[in-house]
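Written out below as structure tokens is the structure these notes cover.
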Amino acid sequence: MKSKKMIGSEALLNTLIAEGVDCIFGYPGGQAIPIYDSLYDYKDKLRHVLVRHEQGATHAAQGYARVSGKVGVVLVTSGPGVTNTITGIADAMLDSTPMVVIAGQVPSPLLGTDAFQEVDVIGITLPVTKWAYQVRRAEDIAWAVSRAFYIASTGRPGPVVIDIAKDAQIGMTDYRYEPVDFIRSYRPWPDIAPENIKAAADMINRAKKPFALVGQGVILSNAEKELKAFLEKADIPAGSTMLGLSAMPSGYRLNKGMLGMHGNIGPNRKTNECDVLIAIGMRFDDRVTGDLKTYARQAKVIHLDIDASEIDKNVRADVKVLGNAKDTLREITRLLKPAKHAQWIRSFDADEKEELERVIEKEIHPKGDLLRMGEVVRKVSDAADDRAVLVTDVGQNQMMGVRYFKYTDTRSVVTSGGLGTMGFGLPAAVGAKIGAPERTICLFVGDGGFQMTLQELGTIMNEGLAIKIILLNNNYLGMVRQWQELFFDERYSATEMKNPNFVALAGAFGIRAREVKKREELDDAIRGMFECDGAYLLVADVEKCGLVYPMVPAGGCITEMLFDSDAPCANK
């Protein structure tokens, strides 16, 4: 490719286009004005989505990346502009979301002088990024940005920050795009050890009660077909982490549900009954394992992961399979003997029946006059034919969402896992709709999280995005309230909320809305929401004291679950 004279900001935009970027989520400011000035001439090639807060830009980029499989891109200015992105960057790091954050910076001669809106971006972001780099010369922009995309999107994905001094943005350079596909000090694709592949296959072939734990690594490596082939050949039941949920359709016969604190009874119990536990692209988070001293002590553990640092970090693996899940699953499956584990798989039936009777039926077909969160979620899912993308905020709305929403397609769950960021949902739904415009986006959010980033209703209005927002309103910070009720003697400290008129608020942004208080109104309200061509806010006033069950107390054994009969209010 021949070089071409241009200023640094143009080199940046041309590199983004060369990397396949079609959308930027951003907010302009003083030290990024040269980039925005150049962007004016690239409107036909790069869509810019003006968010209402920089944190919103990062969560929107995450939503975009999670549904599209592409790298989400954020553009902000220096100082508070970039510091407002830290929460989203940390969230992306913990959830392995590919994202490139580009920040303007003061001119390089002013670095270190405490100039107006100068902060040490690299020092602040290094702990929560895969790579952070400061550009001080125009000629380094294309190199740094190409490198950033390679690092963000390969191996275990994650966020990268590029901090560009203002003089580099306006300086002249001989631009030439050279894609990066190798960095000497960075090995995103570890070599696969054939002996470990064979050891894993041999162990699975001998297993009487194998159980697979499916994590987001399956989705990130586009290994859904390989996963199904693996499970089918060896007849292995599987449970999913929260972020791995849509790697398998909800109705798939070997999909036994969600693992963890608010997971399904069967997967949690069978973790401590299986003889071989196969972890695929998951990191044994504490919300999945509970007390490690009592976790799967009877089982041989096979751990498939692309990140060597995750293997043996929390749970010791008997067989360690390092590599991309798409490749390692294919290789193990090739060595598997066809098997049938009908009796073992049928053993899940009793757990499913118990959960249906003790939890699910009470939640989705409740008695009494008060709406329950689970019934709202399930009715919305049914109305969408289980084909929509579920986006959630954090809290009870999140747990009810992932428990009762159903999935047919992959990349159908967008939620904040490792960091648990309240306020994530609304901007993430913005990004999800832009990343998958042909899909229906259903956002479930609580009244607390909604008010943290509700300014992004302005972005929805601005962009004309047909997002369906379901606000589960209980006038409490519901998950904190749940812990206060169960573990803190019902001392409800600072969790009750006096809320605004959400319908009127939506109307101020030109968004149609309806509030539902009675069960007999719910079906009609959901129908109206989906019949509306544009964005819609459905406010469902649910019972204040609703709790999410089952629940494994923090640090408890994963098989020792609480049910509604264990709640203090149920025993009064």
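Side-chain atoms are counted along with the backbone in the values below, which use heavy atoms only and exclude waters and symmetry mates.
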Main-chain N/O of [Y] paired to [X] side chain as donor or acceptor, under 3.5 Å:
X	Y	value
Asn314	Arg283	yes
Ser416	Thr421	yes
Lys130	Ile151	yes
Tyr536	Ile470	no
Asp235	His341	yes
Lys433	Arg439	yes
Ser96	Gly158	no
Arg519	Leu370	yes
Asn272	Ala296	yes
Trp344	Pro210	yes

Please tell me whether [X] and [Y] have a donor and an acceptor in their side chains that are separated by less than 3.5 angstrom.
X	Y	result
Asn397	Thr392	no
Thr408	Asp386	no
Thr559	Arg269	no
Thr241	Gln216	no
Gln451	Asn499	yes
Thr415	Gln398	yes
Arg387	Ser412	no
Asp95	Thr97	no

Taking atom [atom1] as the centre, does [X] end up with more than 12 heavy-atom neighbours from other residues, nucleotides or ligands that are less than 6.0 angstrom away?
X	atom1	answer
Phe487	CZ	yes
Lys70	NZ	yes
Glu195	CD	yes
Lys233	NZ	yes

What pair of heavy atoms forms the shortest contact from [X] to [Y], and how long is it?
X	Y	value
Pro249	Asn255	O-ND2, 3.0 Å
Leu254	Leu231	CD1-O, 3.6 Å
Ile332	Ile204	CG2-CD1, 4.1 Å
Glu224	Thr410	OE2-OG1, 2.6 Å
Pro366	Arg372	CB-CD, 3.3 Å
Gly257	Asn264	CA-OD1, 3.3 Å

Indicate yes or no: does [X] engage [Y] in a salt bridge with an N to O separation below 4.0 Å.
X	Y	result
Arg334	Glu331	yes
Asp541	Lys517	yes
Lys362	Glu357	no
Glu273	Lys209	no
Asp318	Lys320	no
Glu521	Lys518	no
Asp349	Lys353	no
Asp275	Lys300	no
Glu490	Arg481	no
Lys228	Glu232	no

Gap separating the [atom1] atom of [X] from the [atom2] atom of [Y], nearest 0.5 angstrom:
X	Y	atom1	atom2	value
Met551	Trp483	CE	CH2	5.0 Å
Asn222	Arg411	CG	CZ	5.5 Å
Ile469	Asp393	CD1	CG	11.5 Å
Leu213	Cys274	CG	SG	7.5 Å
Glu310	Arg156	CD	CZ	4.5 Å

- Message: For Tyr549 and His262, I'd like to know if the aromatic rings sit close, meaning centre-to-centre distance below 6.0 Å.
- Response: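 They do not qualify: ring centres at least 6.0 Å apart.
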
Side-chain touch [X]/[Y], heavy atoms, less than 4.5 angstrom:
X	Y	result
Phe530	Lys468	yes
Leu471	Phe444	no
Ile280	Thr328	no

- How are the rings of Phe211 and Phe348 set relative to one another: parallel (under 30°), tilted (30 to 60°) or perpendicular (over 60°)?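 Aromatic pair Phe211/Phe348 classed tilted.
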
- Find out whether the Lys NZ or Arg CZ of Arg378 is both under 6.0 angstrom from the six-membered ring centre of Tyr404 and within 45° of the ring's axis.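 No, cation not above the ring by the 6.0 Å, 45° rule.
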
- Item | Criterion side-chain hydrogen bond (donor to acceptor under 3.5 Å, both in side chains) on Thr495 and Gln484, from CA distance to verdict | CA-CA 9 Å; Thr495 47; Gln484 289 172 336; 3.0 Å; yes

